Amino acid sequence: MSDFDDIPDLVPATEITQETPVVEEEGVQRKIPVTIVTGFLGSGKTTLLNYILTEKHDKKIAVILNEFGDSSDIEKSLSVNQDGSLYEEWLELRNGCLCCSTKDVGVKAIENLMEKKGKFDYILLETSGLADPGPIASMFWLDDGLGSEIYLDGIVTLVDAKNIRDHMNEKKEDVMINEALKQVAIADRIVINKKDLLTEQELDQLKEDLASINSVADMIVTERSKIPLDYVLDINAYDVKNADALVKQTEKIQEHGSQHAHQISHEVQTVCIQFDQQLDTIVSLEEWIQELLWEKRIAGTSQDEEPVTVLRLKGILYPPKDKLSEDVSNRKRMVIQGVQDLYDIQEGFAGDDINADDTSSKIVLIGKNLQKEKISASFNTVLGIQHTIL
Ligand SMILES: Nc1nc2c(ncn2[C@@H]2O[C@H](COP(=O)(O)OP(=O)(O)OP(=O)(O)O)[C@@H](O)[C@H]2O)c(=O)[nH]1
């Protein structure tokens with residue numbers, strides 16, 4: 001019996017009658033992007049998803065609502081937009097929530113649904129307002145490398161412009177980083193919703209404050225969650241071919257470097273290490289990353305100090321000597337991606353914007369207790385190369 005034989009079935013509420021519009025290249029199976037839509041309670045997620053599903057477009061979008069329910073409430077609603085009409089399905093998960101299901105169950109349940117109903121073009125997965133999107137992002141990201149039919153496209157976080165500061169400042173017992181902060185820190189795109197409740201000046205201030213936490217996420221300001229559809233689709237945040245977008249993101253850190261947060265009492269921030277020297281091998285860099293992500297301690301910190309918590313890691317790396325192609329025209333940057341304690345380093349894509357003679361590398365960390373001097377000292381201890389820290 002395979003591990004997947006007892007995967008829960010999906011119980012259809014309404015049949016989807018038309019063929020899927022997904023176009024597949026001959027012989028190539030198209031993977032389906034999953035965008036995680038997160039945001040604190042009342043930020044406007046439902047408004048956003050309703051808006052997207054009722055807008056006229058020719059995409060077949062499945063929306064999975066990943067709400068926590070009581071123990072008997074294990075059926076999760078799944079809406080599919082087809083030619084402007086809504087169809088509803090039920091996604092049944094044993095533990096009542098994708099975050100609490102094992103990785104394979106969550107991913108496999110969606111794959112089972114697509115087997116029966118045809119493929120979707122896109123999947124939007126709405127997390128509950130109190131969810132930490134980290135574990136669910138890890139679930140979909142990890143599975144990508146394991147031959148899954150779906151992959152993590154990116155994380156979109158909605159914030160309620162009026163209340164987000166209070167939510168981020170809220171102290172919870174035994175919780176190092178509250179959910180609102182985690183949702184902002186891990187976002188690839190931030191939707192600042194309910195702009196009608198703030199003045200222009202307050203909105204500008206809020207944008208600065210959010211950028212001081214997550215300096216690399218794109219931001220958009222909206223009312224009633226009305227955003228262009230492509231803001232939540234084809235984000236490619238974890239795609240190694242998107243290395244040039246990653247370079248542009250790291251440039252944003254320079255802009256935000258001198259700014260500081262107003263009225264936010266937390267220590268979640270974005271830190272960027274830059275260096276020009278080519279590494280001999282990838283080994284020492286991995287050693288440093290693992291110390292940060294797994295041991296959560298870095299050289300120079302004592303046991304009494306709060307652990308270093310990296311929620312998101314991104315990087316663009318000039319290939320180390322043992323990975324550098326002889327062929328100059330084929331020199332590809334390496335791309336580093338990480339969510340929580342998972343990370344991955346892969347050969348990227350030599351995009352037009354990347355000058356092969358530029359040997360610079362940048363590593364972005366978003367998390368808590370990332371004290372720049374200590375991060376810099378530990379980098380020096382493990383790698384021993386000149387660098388700057390922003
Ligand atoms: N003033 C104002 N209210 C809004 C806006 N967008 C949404 N709302 C209202 O805010 C409330 C919460 O919106 P929802 O879309 O239900 O938020 P949610 O994130 O799904 O909330 P939960 O289900 O509690 O997690 C609703 O009453 C919306 O009508 C906006 O731009 N301005």
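Owing to the predicted nature of the structure, the values given are computational and were not obtained by experimental measurement. In each ligand, atom 1 is the first atom listed, and ligand 1 is the first ligand listed.
- With a 4.0 Å heavy-atom cut-off, ligand 1 is reached by the side chain of N193 but not by its N, CA, C or O.
- D188 has a carboxylate O that lies under 4.0 Å from a charged side-chain N of K314, or vice versa, which qualifies the two as a salt bridge.
- Pairs passing the salt bridge (charged side-chain N to carboxylate O under 4.0 Å, His left out) check and including a residue from residues 377-386, sequence neighbours excluded, do not occur.
- Against a heavy-atom cut-off of under 4.0 Å, E223 is close to the following atoms of ligand 1: 31 (O).
- By the 3.5 Å distance cut-off applied to N or O atoms, E126 is not counted among the residues near ligand 1.
- Contacts between D196 and ligand 1 below 4.0 angstrom, taking non-hydrogen atoms only, involve the side chain exclusively.
- Both tests hold for R312 against Y238: distance to the six-membered ring centre under 6.0 Å, angle to the ring axis within 45°.
- Of the charged side-chain nitrogens involved, none lies within less than 4.0 Å of a carboxylate oxygen, so that D196 and R224 do not count as a salt-bridged pair.
- Inclusion of K45 in the set of residues having an N or O under 3.5 Å from an N or O of ligand 1 is warranted.
- Counting only distance, with no hydrogens or angles, the side chain of S376 and the backbone of K372 share no donor-acceptor pair below 3.5 Å.
- When only interatomic distances are considered, the shortest N/O to N/O separation between K194 and ligand 1 falls below 3.5 Å.
- The shortest separation from a heavy atom of G42 to ligand 1 is under 4.0 Å, placing the residue in contact.
- Considering backbone and side-chain atoms alike, L41 places every N or O at 3.5 Å or more from each N or O of ligand 1.
- Taking 4.0 Å as the cut-off between side-chain N and carboxylate O, R189 and D218 count as a salt-bridged pair.
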